[in-house]
Amino acid sequence: MDFLKMKLEKLPRIGMKYGAILKKLNIETVEDFLLHFPFRYEDYSERVLIENLQEGETATVMGEVVQSKLVRTWKKKMMITECFVSDETGTVRAVWFNQPYVSDSLTAGKGVRLAGKISQDAKGMFFSNPAWELSSRTPTNTGRLVPIYPETEGLTSKWIRWQMQNMIKYADALVDPIPENILKGLHLPILSEAVKSLHFPKTLKEFELAQKRFAFQQMFLVQLATQRVKISWDKQNAVSIAFNETLTKYFVESLPFTLTDAQRKAAFQILKDLEKPLPMNRLLNGDVGSGKTIVAAMASLSAINAGFQVSIMAPTEVLAKQHFESISKIFSKQDITVGLLTNSYHLINKSEFRISNFESNLNDECLKIKTLKIQSKFKIQNSKLSAEKKEDISRKKLLSELVSGNINIVIGTHALIQKDIKFKNLALIIIDEQHRFGVAQRAFLQQQIADINDGLPGKIPHLLTMTATPIPRTLTLAFFGNLDISVLDEMPKNRKPILTEIILPSKRKDVYDFVRKEISKGHQAFIIFPLVEESEKLTELKAATQEHTRLSREIFPDLKLGLLHGKLKAGEKEQVMADFKDKKYDILVATSVVEVGIDIPNATVIMIEDTERFGLSQLHQFRGRVGRSDKQSYCFLFTGSKTVKAKSRLSAMEKTSSGFAIAEEDLKLRGPGEFLGTRQSGLPDIAMEHLSNVKLIEIAHDYAEQTLQNSPDLKDYPLLQKELNKFQQNIHLE
Ligand code: ADP
Ligand code: MG
């Protein structure tokens, strides 16, 4: 009988009730249970003598119960167990609230271990609600490194520990997906040992090795996934798109600004890639505001001119809509039809200049796209010329326009990767991430892209991914070795660095006054509130709504404040953004939904609340919402924390405006876990949290390469193959 596959609800100790709760956490079998890891530990391993107890510290004491009684406070109707425990050095008091059964077990004369935090009141030092165990029991909750599990309704950490104690013996049956020789070479424990060590670590060293092992497993799987995708990608063919120099030059000259050298170089690399009959897989890694869109437009223009279709995918509907607007504008002088396809939008934008109105001012045979003749430099912004015609059409109609090839470029969300969407000849896919996508997600998406119905038999589309999360140089080789990378590490010349300041609570009012001044100049401001976890969405909403009300009533009663949060529908978000753009609001109060590349050049101030809760790279992303024009912009980082550490972390933001420098700093502080993108991988978070080991990534990279050389399809490693499939299934894109 396979104990590991046993259903938990069938185990008498667990039963239907707890079985159902566990099921909600996706824990159904003994194996699942064993792989449910603690997220932190209390160190109760050192026994402290009672005379040495210190207020505020966490400690384990061992002694004998001298007295214990149950008191009922009639005012609050609370049951308090009060117990005195002595060791050879003194006596300490312990109290438990509403746990009357404690006094039944802890009768005078019993040996006991208590563990917890020491408090102090008028009567002296005491333990408040400590963990306790009779000394006769094996240490589980006290006297050791005690694992703390994520708790849910009805499941305490203590309960899980108790169950785990009984089930841990089955861990020996766990088979290890990682080849033994690899682990041996790295002196890392096999799976069963590592699982035991994470639940019940005997020593810190043992725990750390187990952690390292899971971290390695994580990276090894990521490496296998990406390298495998690369191998299959490299075997494919793509259409070759001739580089049309005249067209490119003409387009660049018609822009209202001069390209930066970095933009020129990146565009050239991309256009060269497109010429090859092999699918491009390039990452355009550019800081916020570095001008990625125009580079993407140059690539698109080249593909469209060669007679092919292009699609651009954005992470949210709001962003897709924004891209639709800006791409339509950018191509308003070309006879290019732009489509927008998301769950809520089906739009099409045809240039109104019908063919007869066009005259190519370039006697270039290769120029297929009719282009309006323009004499001087043409301002995109004040374009009376962009008499485009936007049309709302049905999804069905839009799809038929895609198959027929009437739409040259379609913008959308992930909704673009759907079985019923067919293209006439899709040759280039551009993904604008903005989000922090990890390597693993990226590989997965790439796999999906190869399966798109592109209308080009035997070919797959070229792929250009744009990311606004600068990737630290130290990570590029090991993590992104499967990609070609172009870097936009230069800002357009008209930009002034954003002046950034850390604000302590006492200076809040000054900032409000400053904002008011900026607004009186006709500028606009953002106020950002954190949204960190999915589970916080409701509280976040409340906080933002309350703040919006408070600010509107008390601080800026004479100004107009908009509110943007994650619970709004796409259409509503879009409306708020559009209204903000149209200056119907002076200030936009927003949760972190605004992080994704919103472009409001008139906004010059951004205030960010609760900065402790964001990583530096994320703060940098927010900051990038301002400084998108030639106006001087400001960023104020509010911190409630007075600690030197918090300030020194944020000071990187004051010192540099380079996303790349900030990313390096973030890497130092938080490790490379963020860049892996494996939050939902099912492996213990604790392994990732403590990981700041770039070396380990390199090792994983090399082992993955070797493994795939030995067995390209992993046939010789069926367990690994299975684990990898599981891993990929767990990677969600949104
Ligand atoms: P991001 O890289 O963050 O996506 P965008 O492509 O949205 O940046 O560009 C930000 C703004 O900068 C846009 O308004 C765009 O028109 C403008 N821009 C792009 N390139 C240049 C340039 N070389 N000089 C001046 N402005 C530019
Ligand atoms: Mg962008």
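Bear in mind the structure is a predicted one, so any value in this text is a computation, not a measurement. Ligands are counted one by one from 1 in listed order, and the atoms in each one are counted from 1 as well. In what follows, residues are counted from 1 in the order of the sequence shown.
Under the side-chain hydrogen bond (donor to acceptor under 3.5 Å, both in side chains) criterion, the residue pairs touching residues 483-496 are Q269-S486, R282-S486, with sequence neighbours excluded.
The nearest non-hydrogen atom to atom 2 (O) of ligand 1, considering only M466, E490, K292, comes from K292. Considering each of R495, H323, R628, the one bringing a non-hydrogen atom nearest atom 11 (C) of ligand 1 is R495.
Between S290 and ligand 1 there is a heavy-atom distance shorter than 4.0 Å. At least one heavy atom of G289 sits under 4.0 Å from some atom of ligand 1.
The distance criterion of under 3.5 Å between nitrogen or oxygen atoms is not met by V288 with respect to ligand 1.
At most 12 heavy atoms of other shown residues, nucleotides or ligands fall within 6.0 angstrom of atom CZ in F268. Atom NZ of K631 has more than 12 neighbouring heavy atoms from other residues, nucleotides or ligands inside a 6.0 Å radius.
Between D432 and H323, the side chains place a donor N or O and an acceptor N or O closer than 3.5 Å (distance only, hydrogens not considered).
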Determine all donor-acceptor pairs shorter than 3.5 Å in which one atom belongs to a side chain in residues 580-588; sequence neighbours excluded.
unit_1, atom_1, unit_2, atom_2, d
K581, NZ, D599, O, 3.1
K584, NZ, D579, OD1, 3.4
D586, OD2, K560, N, 2.8

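Each of the atoms 4 (O), 5 (P), 6 (O), 7 (O) of ligand 1 lies under 4.0 Å from some heavy atom of T293. Using a 4.0 Å cut-off to heavy atoms of T258, the atoms of ligand 1 that qualify are 22 (C), 23 (N), 24 (N). Residue contact check: T260 has heavy atoms under 4.0 Å from atoms 23 (N) of ligand 1. Ligand 1 places these atoms under 4.0 Å from at least one heavy atom of L259: 23 (N).
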**Request:** Show the numbers, then the answer: is there a side chain to side chain donor-acceptor pair (under 3.5 Å) between T604 and E518?
**Result:** CA-CA 8 Å; T604 55; E518 278 296 302; 2.9 Å; yes
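Taking the centre and axis of the six-membered ring of Y345, the NZ or CZ atom of K321 falls inside the cone set by 45° and 6.0 Å.
Counting heavy atoms under 4.0 Å from ligand 1, residue L488 does not touch it at all.
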